[in-house]
Amino acid sequence: MARVRLFVDHPLGEGQPVPLSREAAHYLFGVMRLGQGAELSVFNGADGEWDARVAEAGKKGGTLEPLAQSVPQWLPPDLWLMFAPVKKARTDFIVEKAVEMGVRRLLPVATDFTNSERIRQDRLQAHAREAAEQCGAVFVPEVAELSKLSAVLADWPDARRLMFCDEAAAGSSSALAGVFAEAEGPGPWAVLIGPEGGFSEAERTRLYGLPQAHVATLGPRILRAETAAVAALTLWQTRFGDWA
């Protein structure tokens with residue numbers, strides 16, 4: 001059986017006790033059936049990954065004892081994923097795969113054609129932590145609150161380039177090549193995926209006029225939002241990220 005790996009919201013250091021929440025205790029002792037003396041891996045997104053031992057085990061809580069750091073802290077590339085929320089399970093999929101593929105920050109954005117007007121930011125953040133536990137990451141991306149795309153673009157950082165995946169340009173072989181040809185080095189980037197209904201003409205005009213934006217297409221077919229997120233992140237990672 002694979003070793004249990006757990007995110008903890010507590011500083012990690014040799015011999016420094018880590019108290020467990022009721023939920024974490026239930027997972028470790030009720031679901032995974034660990035007991036006192038069992039060893040596992042823990043991380044907190046800031047201090048790397050640590051080997052730890054169960055010092056105390058109870059139904060409503062417990063304590064872990066960090067033993068030694070097994071993986072130093074490292075950050076994924078400085079890449080944001082901006083996406084319009086879709087149906088619950090598909091939004092969960094986007095968050096999960098973005099964490100697995102190595103993004104630094106997740107920004108849900110409300111566009112003119114976004115169907116979902118609200119998100120549960122806390123639930124998506126918990127989903128990001130679970131994805132990090134499963135994929136071996138030692139960093140958990142922030143899931144930002146839902147913001148209007150127009151407001152995000154109005155305050156766009158000068159140094160952050162934007163890979164704008166425009167479904168209206170599907171089939172163009174030159175658009176993606178242009179992204180790669182125009183870019184110089186990795187630097188801070190963001191990938192923008194549109195909603196199920198695509199971008200409005202006003203949004204498209206705004207994006208094409210943004211100096212930091214680089215239009216990209218994702219092949220000859222129009223992809224669903226969650227598929228587009230995986231495809232775009234794959235292309236970016238193989239060219240600019242830690243897959244290169």
Query raised in the report: Do side-chain atoms of Ser70 reach the backbone of Glu49 as a donor and acceptor pair under 3.5 angstrom?
Result: yes
Query - Taking every non-hydrogen atom, the tightest pair across Leu12 and Gln16 - result: C-OE1, 4.3 Å
Query raised in the report: How long is the gap from OG1 on Thr234 to CZ on Arg239, to the nearest 0.5 Å?
Result: 15.5 Å
Requested in this report: Indicate yes or no for a side-chain donor-acceptor contact from Arg160 to the backbone of Asp78 under 3.5 Å, with no hydrogens or angles considered.
Outcome: yes
Requested in this report: Check step by step if side chain to side chain contact (heavy atoms under 4.5 Å, CB included) holds for Leu192 and Leu207.
Outcome: CA-CA 10 Å; Leu192 172 61; Leu207 286 160; 3.8 Å; yes
Query - Step-by-step side chain to side chain contact (heavy atoms under 4.5 Å, CB included) determination, Leu28 to Leu6 - result: CA-CA 9 Å; Leu28 292 181; Leu6 180 71; 3.8 Å; yes
Query - Listed partners of Glu203 passing side-chain contact (heavy atoms from CB on, under 4.5 Å), at least two apart - result: Thr111, Asp112, Leu149, Phe199, Ser200
Query raised in the report: So how far is it from Phe164 CZ to Ile193 CD1, rounded to the nearest 0.5 Å?
Result: 10.0 Å
Query raised in the report: Does Gln125 use its side chain to pair, donor to acceptor, with the backbone of Ala144 at less than 3.5 Å?
Result: no
**Report entry** Donor-acceptor pair, side chain of Gln36 and main chain of Glu56, under 3.5 angstrom
**Finding:** no
Query raised in the report: Listed by chain and number, what are the salt bridge (Lys or Arg N to Asp or Glu O under 4.0 Å) partners of Asp155, not counting sequence neighbours?
Result: none
Report task. Kindly write out the residues that satisfy salt bridge (Lys or Arg N to Asp or Glu O under 4.0 Å) with Asp47, not counting sequence neighbours, or none if the list is empty. Result -> none
Query - Side-chain heavy-atom pair Lys97, Leu233 within 4.5 angstrom cut-off - result: no
Query raised in the report: For Ala137, does its backbone N or O pair with a side-chain atom of Arg5 as donor and acceptor, under 3.5 Å?
Result: yes
**Report entry** Minimum side-chain heavy-atom gap Leu146-Gln121 below 4.5 Å
**Finding:** no
Requested in this report: Using a strict cut-off of less than 4.0 Å between a Lys/Arg side-chain nitrogen and an Asp/Glu carboxylate oxygen, indicate whether Glu196 and Lys87 qualify as a salt bridge.
Outcome: no
Report summary line: OG1 of Thr91 to CD of Glu226, rounded to nearest 0.5 Å, is 8.5 Å
**Report entry** Test log, rule side chain to side chain contact (heavy atoms under 4.5 Å, CB included), inputs Leu20 and Thr63
**Finding:** CA-CA 6 Å; Leu20 293 172; Thr63 306; over 6 Å; no
Requested in this report: Measure the shortest side-chain to side-chain distance between Val99 and Val140 over non-hydrogen atoms and say whether it is less than 4.5 angstrom.
Outcome: no
Report task. State, yes or no, whether a side-chain contact exists between Val191 and Leu235 at a heavy-atom distance under 4.5 Å. Result -> no
Query - Over 12 non-hydrogen atoms of neighbours within 6.0 angstrom of CG in Asp242 - result: yes
**Report entry** Sidechain-backbone polar pair: Gln73 side chain, Val138 backbone, donor-acceptor under 3.5 Å
**Finding:** yes
Query raised in the report: Aromatic rings Trp189 and Phe240: how do their planes relate, parallel, tilted or perpendicular, breaks at 30° and 60°?
Result: parallel
Query raised in the report: In Å and rounded to the nearest 0.5 Å, what is the NE2 to OG distance from His10 to Ser21?
Result: 12.0 Å
Query raised in the report: Do the side chains of Arg3 and Glu39 get nearer than 4.5 Å, heavy atoms only?
Result: yes
Query raised in the report: Can you tell me how far the CG atom of Leu124 sits from the CD atom of Glu142, to the nearest 0.5 Å?
Result: 12.0 Å
Query - Nearest heavy-atom neighbours spanning Ala132 and Phe139 - result: CB-O, 4.1 Å
Query raised in the report: Got Leu162 and Trp80 here, is their nearest side-chain heavy-atom distance under 4.5 Å?
Result: no
**Report entry** Within-4.5 Å side-chain heavy-atom neighbours: Met163 and His214
**Finding:** no
Requested in this report: Give, for atom CZ of Arg123 and atom CG of Asp92, the distance between the pair rounded to the nearest 0.5 Å.
Outcome: 4.0 Å
**Report entry** Any side-chain heavy-atom pair of Glu96 and Gln134 under 4.5 Å
**Finding:** no
Report task. Please report the C-alpha distance between Thr227 and Leu218 in whole Å, then the side-chain angles of each, then the deciding distance to 0.1 Å, and finally whether the side chain to side chain contact (heavy atoms under 4.5 Å, CB included) criterion is met. Result -> CA-CA 10 Å; Thr227 309; Leu218 302 174; over 6 Å; no
